[in-house]
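Structure, as structure tokens:
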Number of protein chains: 2
Amino acid sequence: MSTTHTNTRTKILQAMLDLLFSEPPAKTRMSDVSTEAGVSRQAVYLHFKNRADLLIAATHFLDEKLDTDARLAASRTAQSGQDRLQAFVTAWGNYIPEIHRIAKVLISMSETDEAAASAWETRMQDMREGCAAAIDALNADGTLSPDFNTEDATDLLWTMLSVHNWEHSTGACGWSQEKYLTMLALTTQKLFYADPVKAP
Amino acid sequence: MSTTHTNTRTKILQAMLDLLFSEPPAKTRMSDVSTEAGVSRQAVYLHFKNRADLLIAATHFLDEKLDTDARLAASRTAQSGQDRLQAFVTAWGNYIPEIHRIAKVLISMSETDEAAASAWETRMQDMREGCAAAIDALNADGTLSPDFNTEDATDLLWTMLSVHNWEHSTGACGWSQEKYLTMLALTTQKLFYADPVKAP
DNA sequence: TTGTCAACTTTACACAATGTAAAGTACGTG
DNA sequence: CACGTACTTTACATTGTGTAAAGTTGACAA
């Protein structure tokens with residue numbers, strides 16, 4: 001009964017993630033997913049309205065597995081505004097590679113599917129909250145650069161931390177994940193700190 | 001003969017651009033383009049191998065109309081490295097909104113089409129050349145921040161000037177084109193100048 | 001034991017968009 | 001007038017999404 005129902009649904013979601021994160025990247029057509037899950041293609045439509053619906057569900061499914069909220073919340077415990085900004089930047093920067101593949105498909109699907117667009121938009125707004133909190137903490141400490149007000153600084157940080165920028169940095173620029181994080185730390189300091197730290 | 005041939009080809013390319021840049025955004029299926037051009041759908045396939053081929057041709061067609069090379073070359077005449085960087089950033093920043101729509105489709109198509117990916121990749125590499133030239137000019141003046149070597153600074157500037165970042169800034173952040181340019185000028189100064197200028 | 005229900009399978013089809021194929025038309029030029 | 005080029009028209013193959021409906025299976029209840 002309900003257990004079986006849930007199992008099949010989970011099997012499909014897991015199959016979607018397996019395909020999305022497989023190396024080399026695999027196609028994720030409805031038939032690919034159903035085959036991977038060991039069910040019929042039609043069974044997928046019993047659980048998910050359409051491809052966008054399945055993808056959005058897979059996104060939430062991955063969130064649970066990664067315990068997304070907890071990871072990002074950790075940055076809120078930092079003492080100083082500067083520590084908090086760096087903790088947030090590092091947490092998010094390390095989170096991106098884990099969601100990158102599914103984010104890419106969701107973004108791509110957003111061009112044609114309203115629900116997918118809305119799902120991604122929500123995530124981005126949540127993410128902006130995190131940026132705002134970090135910038136506000138900096139501002140509260142009086143360590144935010146006078147060159148920016150909090151709104152502009154938030155938007156700028158938000159832009160810098162985009163999935164596309166991670167992709168460009170680690171892809172086109174050929175930076176390692178470590179280098180990406182180092183550069184992110186350096187640039188956020190130079191941009192947002194009232195008194196930027198010099199690189200060693 | 002050849003004149004007619006060229007005219008039809010041009011009509012198709014112009015139709016593609018008209019649709020791409022129309023407000024509100026229109027679909028650009030092969031049939032939409034042919035209808036807009038006033039020719040049969042099959043006529044399009046007489047001139048272009050496939051959709052990707054048409055789109056790449058439309059990109060070059062737009063380049064000619066915008067006199068792309070000349071516009072970006074202008075930044076090379078600046079005297080100081082700082083002026084040169086700002087001239088380049090402004091030129092490119094003003095160029096993006098004019099190519100944005102077609103760039104977006106080309107990027108999207110790059111996911112599935114090898115030729116489209118290659119065409120976009122070439123453009124991006126050309127663009128990186130411009131970034132490198134600007135950073136090199138700064139470095140030659142001794143005004144490049146010691147926090148970066150020229151390679152890293154080039155990659156960072158390259159990332160900052162991406163089409164995606166323009167899109168995010170003017171879209172999600174809701175910045176005007178003027179504000180986008182202002183913030184770009186400010187951030188590039190703060191990041192790359194050995195002795196950053198303070199904002200007014 | 002039989003009946004019923006839900007979950008799943010199987011088969012079939014509609015639809016949209018790309019791309020191929022080939023016969024037909026029309027017009028300018030030798 | 002004959003010919004070739006450019007274009008049109010019609011038709012069809014292909015791929016992937018999504019809908020529809022009949023058939024199967026197995027657990028559970030009366």
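Chain naming here is simple, since letters A, B, ... match the order of the sequence lines and numbering starts at 1 in each.
Atom CD1 of residue A:I135 and atom OG of residue A:S145 lie 10.0 Å apart, to the nearest 0.5 angstrom. A:I107 CD1 to A:E111 CD: the interatomic distance, rounded to the nearest 0.5 Å, is 9.5 Å. Interatomic distance, B:D83 CG to B:T77 OG1, rounded to the nearest 0.5 Å: 9.5 Å.
In this structure, A:R128 pairs ionically with A:D155, as a charged nitrogen and a carboxylate oxygen lie closer than 4.0 Å. Using a cutoff of 4.0 Å between basic side-chain nitrogens and carboxylate oxygens, A:E98 and A:R71 are scored as salt-bridged.
Proximity of A:F88 to A:L161: side-chain heavy atoms (C-beta onward) are separated by under 4.5 Å at one or more points.
Near DNA chain C, meaning a heavy atom under 4.0 Å away, there are no residues from residues 52-62 of chain A. For the segment residues 20-31 of chain B, the set of residues with a heavy atom within less than 4.0 Å of an atom of DNA chain C comprises B:R29, B:M30, in numerical order.
Looking at A:D63 and A:T68, their side chains do bring a donor and an acceptor atom within 3.5 Å of each other.
Taking only side-chain nitrogens and oxygens, B:H47 comes nearer than 4.0 Å to OP1 or OP2 of D:dC7.
No donor-acceptor distance shorter than 3.5 angstrom exists from the side chain of B:R9 to the backbone of B:F48, with no hydrogens or angles considered.
Between B:S34 and B:S31, the closest heavy-atom pair is OG-O, 2.9 Å.
With DNA chain D read from its 5' end, the first of the two nearest nucleotides for B:R41 and A:N50 is the one closest to B:R41.
Distance B:D113 CG to C:dT18 P: 13 Å, rounded to the nearest Å. A straight line from CD of B:Q42 to P of C:dT25 spans 17 Å, rounded to a whole angstrom. Distance CZ (A:R51) to C1' (C:dA16): 16 Å, rounded to an integer number of Å. Look at CG on B:L46: it is 13 Å from C1' on C:dA22, rounded to the nearest Å. Distance CG (B:N7) to C1' (D:dT5): 15 Å, rounded to an integer number of Å. B:Y45 has its OH atom 14 Å from the C1' atom of D:dC12, to the nearest Å.
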